[in-house]
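Okay, so here's the structure we're looking at.
We count ligands from 1, going down the list as the structure has it; atoms in each ligand are counted the same way.
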Amino acid sequence: MTATTSASSVPGPNAARLPSVDRILRLPALANFLPRYGRPAVTRAVREHLQALREQGCDAADLEEPALARALAESLARQHAARLKPVFNLTGTVLHTNLGRALLPEDAVAAVADVLRAPCNLEYDLDTGGRGERDALVEDLLRELTGAEAAIVVNNNAAAVFLALNTLARRREVIVSRGELVEIGGSFRIPDIMQQAGAKLCEVGATNRTHLRDFEQAIGPRTALLMKVHASNYRIEGYAAAVAAAKLCGLAHRHDLPVVEDLGAGSLVELETWGLPHEPTPRDSIAAGVDLVSFSGDKLLGGPQAGILAGRRELVARLRKNPLKRALRVGKETLAALEAVLRLYRDPDGLPERLPTLRLLRRPQETMALCAARLAGPLQAALGAAYEVRTRPCLSQIGSGSLPVARLPSVALAISPLGRGAGRALARLEQALRALPVPVIGHVQENALWLDLRCLHDEAAFLAQLAHLEPA
Ligand SMILES: *Cc1c(COP(=O)(O)O)cnc(C)c1O
């Protein structure tokens with residue numbers, strides 16, 4: 001719009017010699033653009049183009065129809081392209097928060113499409129014909145998979161923790177071990193969320209060691225609950241002690257207080273079964289006596305972004321009545337995807353094949369090695385002599401704070417710039433890979449760009465777009 005204003009108010013020296021917007025819009029070469037992009041977008045693109053030509057001192061003689069059509073086609077396609085789009089996650093982090101975390105199974109994608117295309121029984125009880133509860137659609141599955149009496153779903157795990165604290169501990173105290181005052185990704189910190197939820201944090205113990213007596217001494221008339229937080233993204237090693245859930249629950253229940261546990265990733269299955277490191281499960285927490293557990297839908301569970309709260313019926317009923325629940329609730333897309341993913345857990349043996357997150361985490365190193373052998377040559381050819389492509393063993397991470405110290409053996413293509421100005425060449429390479437139709441995201445280490453092949457989901461598409469690569 002600025003272009004229009006300045007074009008009409010401050011005409012350049014050659015302004016008069018360029019044809020009008022209307023005349024250009026009538027050119028046969030532009031006939032396809034109007035039905036495709038609509039008149040306002042095409043008009044704007046023509047104005048901007050004319051303005052750019054004016055600034056370069058061009059006149060009508062420079063305005064060739066094919067060149068104009070090409071330029072407009074390019075700018076319209078660029079403006080029309082989706083901003084949120086698929087990328088290749090070759091960072092080596094499987095559950096990458098910045099790249100959208102878990103990939104959903106096809107069943108879940110289809111379930112989302114179904115409820116988006118047609119009306120659905122989101123809050124309508126098909127048995128009674130009365131108003132239904134949206135969370136009830138997945139509650140039975142969640143009860144079955146966690147052993148809890150009741151469950152609800154909110155926007156994400158941060159919202160789940162917030163809702164639990166606001167409902168159960170507003171204007172009262174929550175006792176937490178100093179070793180569990182977690183920060184996740186900068187903006188989620190237990191002390192801050194506690195404050196925003198209106199609860200007072202009562203920290204006990206030391207960073208490395210907290211004992212049952214520390215909790216016991218802190219319990220007073222203002223105590224609302226005892227809280228455990230899973231140290232998702234760090235580990236305290238050496239001279240360390242934490243209070244096990246069962247012991248903490250024993251103490252809390254003797255004082256008629258509930259225990260709330262933020263599990264973070266909260267895998268629904270024993271990951272050891274598939275050779276992965278142990279991650280605590282909601283079922284174990286519930287069995288140990290925890291009254292309410294919360295966990296994410298899009299971390300190890302492998303589903304859509306959601307926060308799940310499972311636990312005692314009476315507590316879940318109170319969460320449901322909090323007016324904030326309405327503000328934190330999930331949409332039908334989320335529930336459709338979550339239901340489809342949870343259903344897969346009823347047949348755990350089928351999970352490694354059917355759940356993309358588990359499939360990616362279990363992908364054997366040989367698979368990535370074979371993939372590297374196929375891709376190294378074509379990638380080297382596309383990059384030319386200024387870069388060297390080497391196949392290197394590497395370690396992938398699970399990501400999203402899950403199992404922080406676990407590393408999964410993988411294989412990467414490591415690209416090093418040759419010759420002088422390597423730093424700038426590396427930055428140009430990253431930029432060129434990001435500019436591809438499906439952007440390729442890797443990570444820089446030891447003056448090379450590493451493309452970890454664990455999460456390469458479409459090798460043919462990766463190869464096909466190498467022709468567009470322009471690193472120079
Ligand atoms: C990841 C995590 C959260 C935040 O979960 P989101 O689903 O990203 O909101 C909260 N607590 C712990 C312990 C976590 O690991």
Side-chain angles (χ1 to χ4, degrees), residues 93-104 138 142 146 151-166 169 174 176-197 199 201 203 207 225-236 242 245 248 259-268 271 277-282 284-285 290 292-311 319 324-325 327-331 333-335 337-338 341-342 357 397-406:
T93 300
V94 177
L95 294 167
H96 199 302
T97 299
N98 304 150
L99 302 181
R101 290 197 187 160
L103 308 182
L104 295 192
V138 291
L142 285 170
T146 62
I152 62 166
V153 183
V154 289
N155 181 59
N156 57 12
N157 188 33
V161 174
F162 181 72
L163 181 65
L165 292 171
N166 181 267
V174 176
V176 192
S177 159
R178 288 202 167 87
E180 298 181 0
L181 296 175
V182 174
E183 171 179 313
I184 312 283
S187 55
F188 177 89
R189 284 175 158 190
I190 290 293
D192 297 344
I193 213 110
M194 189 96 58
Q195 190 183 14
Q196 291 300 320
L201 169 66
E203 38 184 296
T207 305
L225 57 93
L226 274 47
M227 186 172 187
K228 266 189 90 58
V229 185
H230 180 53
S232 314
N233 50 6
Y234 64 100
R235 184 163 291 180
I236 298 174
L248 194 66
V259 172
V260 173
E261 182 170 23
D262 172 11
L263 274 184
S267 172
L268 286 177
L271 291 179
H278 174 77
E279 176 77 11
T281 64
D284 285 346
S285 296
V290 172
L292 199 59
V293 289
S294 79
F295 50 99
S296 290
D298 55 354
K299 291 186 181 173
L300 286 170
L301 196 150
Q305 179 189 305
I308 296 158
L309 284 149
L319 300 178
L324 275 172
K325 168 63 171 51
L328 303 175
R329 75 183 184 187
V330 291
E333 311 86 320
T334 302
L335 285 167
L338 186 60
V341 170
L342 291 175
T357 298
Q397 316 187 30
I398 293 169
S400 279
S402 319
L403 307 160
V405 287

Interfacing atoms of ligand 1 (cut-off 4.0 Å, heavy-atom, [X]):
X      : result
His230 : 13 (C)
Gly264 : 12 (C), 13 (C), 14 (C), 15 (O)
Ser296 : 5 (O), 6 (P), 7 (O)

Item to complete: From atom 8 (O) of ligand 1, work out which of Gln305, Lys228, Lys299, Arg101 has a heavy atom at the shortest distance.
Response: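 It is Arg101 that holds the nearest heavy atom.
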Discussion item. Out of the candidates Asp262, Leu201, Val260, Val174, only one should pair with Leu165 under the side chain to side chain contact (heavy atoms under 4.5 Å, CB included) rule; please name it.
Written reply: Val174
Worksheet item: With side chains defined as the heavy atoms from C-beta onward, is the minimum distance between Leu268 and Pro282 less than 4.5 Å?
Response: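 The answer is yes; the side chains approach within 4.5 Å.
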Practice prompt. Taking Thr93 for its side chain and His96 for its backbone only, find out whether a donor-acceptor pair lies under 3.5 Å.
Written response: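 The answer is no, because no donor-acceptor pair under 3.5 Å joins these two groups.
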Worksheet entry | Check: Glu180 side chain, Lys228 main-chain N or O, donor-acceptor pair, under 3.5 Å | no
Discussion item. Test side-chain contact (heavy atoms from CB on, under 4.5 Å) on Ile308 and Val138; report intermediate values, then the result.
Written reply: CA-CA 10 Å; Ile308 296 158; Val138 291; over 6 Å; no
Practice prompt. Compute the minimum heavy-atom distance from Ile184 to ligand 1 and say whether it is under 4.0 Å.
Written response: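 In this structure, Ile184 qualifies as a contact of ligand 1 - some heavy atom is under 4.0 Å.
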Item to complete: Mark the output for Asp262 as yes if a heavy-atom distance to ligand 1 is under 4.0 Å, and as no if none is.
Response: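 So Asp262 counts as touching ligand 1.
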Discussion item. Below 3.5 Å, N or O to N or O, backbone or side chain included: is there any such pair between Phe188 and ligand 1?
Written reply: no
Worksheet entry | Ala159: partners by side-chain contact (heavy atoms from CB on, under 4.5 Å), with sequence neighbours left out | Val154, Asn155, Asn156, Leu328
